[in-house]
Amino acid sequence: MLTALAPVQAEFVPPDRGTPGRLEGAGTRWQDPSQGEFDPPDQPLFDTVRGSCATSPDDRTPALTLLAPLDSLGITLEDYPRFFVYVPPLPEGAQLEFAVTEWERLLTDSGEDIRDRQVYLTQVTPPRDGGVMALELPQVDDDGNPVSPLTVGQNYTWFVRILCDANAPNTFGPDIWREAWVRRLDPTDEFASQLAEAPLAEQVGLLAETGVWYDALDRLAQLRSQSDELDLEQRWQGLLESIGLEDFENFSEE
């Protein structure tokens, strides 16, 4: 029988310090991909700013921010996960470019080679007044073609870029982008059973303390979209604060 979790507790524990024995294939620390086996580093491949076309750029308005841990690998158990990003207020006509890319190290005749394969690419309309929005890896792309699910144990990045001029997406200028790692793992049979039996509110805590960031945040977002109870707002804020992010309360789902 599961022990009920306190309703306001949802502190994220990085996967290398999370509850052991709940995930298949979970590692410890992540190494730089240029050194030996290809494992994601502590920081994203890119964390680059080239300015912003935000309509109210000031010290109180956060820049484009991925709601993802930057000092540990982001984990999901889903084959088609959802990600969350904070978008500042943008001018009319601005778009977001969202992409998921697979990374792997291959042995070739000429030596080792790091390869990337684009899994998904699309443009989406950001919230009119800014805020946190969900970005989903769908099963079918905009042209009706099937999208490959995330493979267990494989390394991916998810990428978001502001397109101030959606008609000239390749023109450098006042745009901004962010990228973070994600890896899909399988739960053990015991942990999968725990999740299946637990209410959605308890799943948030189970996933967070195990180090499964993206799914914990997604389930909490689902709860917040169904209710405006104060304890859910406190839980959301506490979960973000546990990875060093604050002041990202607004949630806008397309």
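Remember, predicted model here, so these are calculated numbers, not experimental data.
The two residues Pro69 and Ile243 have their closest heavy-atom pair at N-CD1, 3.8 Å. Residue Pro187 comes nearest to Ala192 through the heavy atom pair CG-CB, 3.9 Å, listed as atom of the first residue, atom of the second, then distance. Across all non-hydrogen atoms, the minimal contact from Ala68 to Ala180 is CB-CB, 4.0 Å. The two residues Glu229 and Ser227 make their nearest non-hydrogen contact at CG-OG, 2.9 Å. Contact record, Val147 with Pro138: CB-O, 3.2 Å, taken as the closest heavy-atom pair. Heavy atoms only, all atoms of each residue included: Tyr86 and Pro89 are closest at OH-CD, 4.1 Å.
Using modelled atom types, no side-chain atom of Thr210 and backbone atom of Ala208 make a donor-acceptor pair closer than 3.5 Å. Between the side chain of Gln203 and the backbone N or O of Ala198 there is at least one donor-acceptor pair closer than 3.5 Å.
Atom CD of Gln194 is separated from atom CD of Glu202 by 10.0 Å, given to the nearest 0.5 angstrom. Of the inter-residue distances, the one linking Trp158 atom CH2 with Phe98 atom CZ reads 7.0 Å to the nearest 0.5 angstrom. To the nearest 0.5 Å, the span separating CZ on Phe83 from CG on Leu66 amounts to 10.0 Å. Separation of atoms CD (Gln237) and CG (Leu245) is listed at 9.5 Å; rounding is to 0.5 Å. We find the CZ-CG distance between Phe84 and Leu135 to be 9.0 Å, quoted to the nearest 0.5 Å. Once rounded to the nearest 0.5 Å, the distance linking CZ of Phe159 with CD of Glu97 reads 5.5 Å.
Between Thr122 and the choices Asp142, Asp143, Asp141, the side chain to side chain donor-acceptor pair (under 3.5 Å) rule is met once, by Asp142.
For the pair Leu217/Leu67, a side-chain contact is recorded, criterion being any heavy-atom separation below 4.5 Å from C-beta on. The closest side-chain heavy-atom distance from Val119 to Tyr156 is below 4.5 Å. Side-chain contact between Leu150 and Pro81 is present, with at least one heavy-atom pair separated by less than 4.5 Å. Counting heavy atoms from C-beta outward, Leu239 and Phe12 have side chains that approach closer than 4.5 Å. Looking only at side-chain heavy atoms (C-beta outward), Leu96 and Leu163 stay at 4.5 Å or farther from each other. The shortest distance between side-chain heavy atoms of Gln139 and Asp79 does not fall below 4.5 Å. At least one side-chain heavy atom of Pro126 sits under 4.5 Å from a side-chain heavy atom of Leu90. Looking at heavy atoms from C-beta onward, Ile75 lies out of side-chain contact with Trp181 at the 4.5 angstrom threshold.
More than 12 heavy atoms of other shown residues, nucleotides or ligands fall within 6.0 angstrom of atom CG in Asn145. Within a 6.0 Å sphere centred on CD of Glu190, heavy atoms belonging to other residues, nucleotides or ligands number 12 at most.
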**Prompt:** Can you check side-chain contact (heavy atoms from CB on, under 4.5 Å) on Gln154 and Arg183, steps first, answer last?
**Reply:** CA-CA 6 Å; Gln154 186 61 53; Arg183 176 186 284 178; over 6 Å; no
Exercise for the section: In sequence, state the C-alpha distance, the side-chain angles, and the governing distance for Met133 and Val124, and then conclude on side-chain contact (heavy atoms from CB on, under 4.5 Å). Expected result: CA-CA 10 Å; Met133 68 179 300; Val124 296; 4.3 Å; yes
What's the verdict on side-chain contact (heavy atoms from CB on, under 4.5 Å) for Asp215 and Glu78, showing C-alpha distance, side-chain angles and the deciding distance? CA-CA 8 Å; Asp215 302 358; Glu78 302 294 333; 3.7 Å; yes
request  = Under the side-chain contact (heavy atoms from CB on, under 4.5 Å) rule, what do Val212 and Leu206 come out as? Steps first, then yes or no, please.
outcome  = CA-CA 9 Å; Val212 186; Leu206 288 169; over 6 Å; no
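Residues Arg22 and Glu209 are paired through a salt bridge, judged by an N-O separation under 4.0 Å between the basic side chain and the carboxylate. Between Glu136 and Arg82 there is no salt bridge, since none of the side-chain N atoms of the basic residue sits less than 4.0 Å from a carboxylate O of the acidic one.
Follow the hydrophobic side-chain contacts under 4.5 Å out from Leu200 and you reach Tyr214 in the same cluster.
Every residue meeting the side-chain contact (heavy atoms from CB on, under 4.5 Å) condition with Val152, not counting sequence neighbours, appears here in chain and number order: Arg184, Asp186.
Between the side chains of Gln118 and Thr101, no donor-acceptor pair is found at a separation under 3.5 Å.
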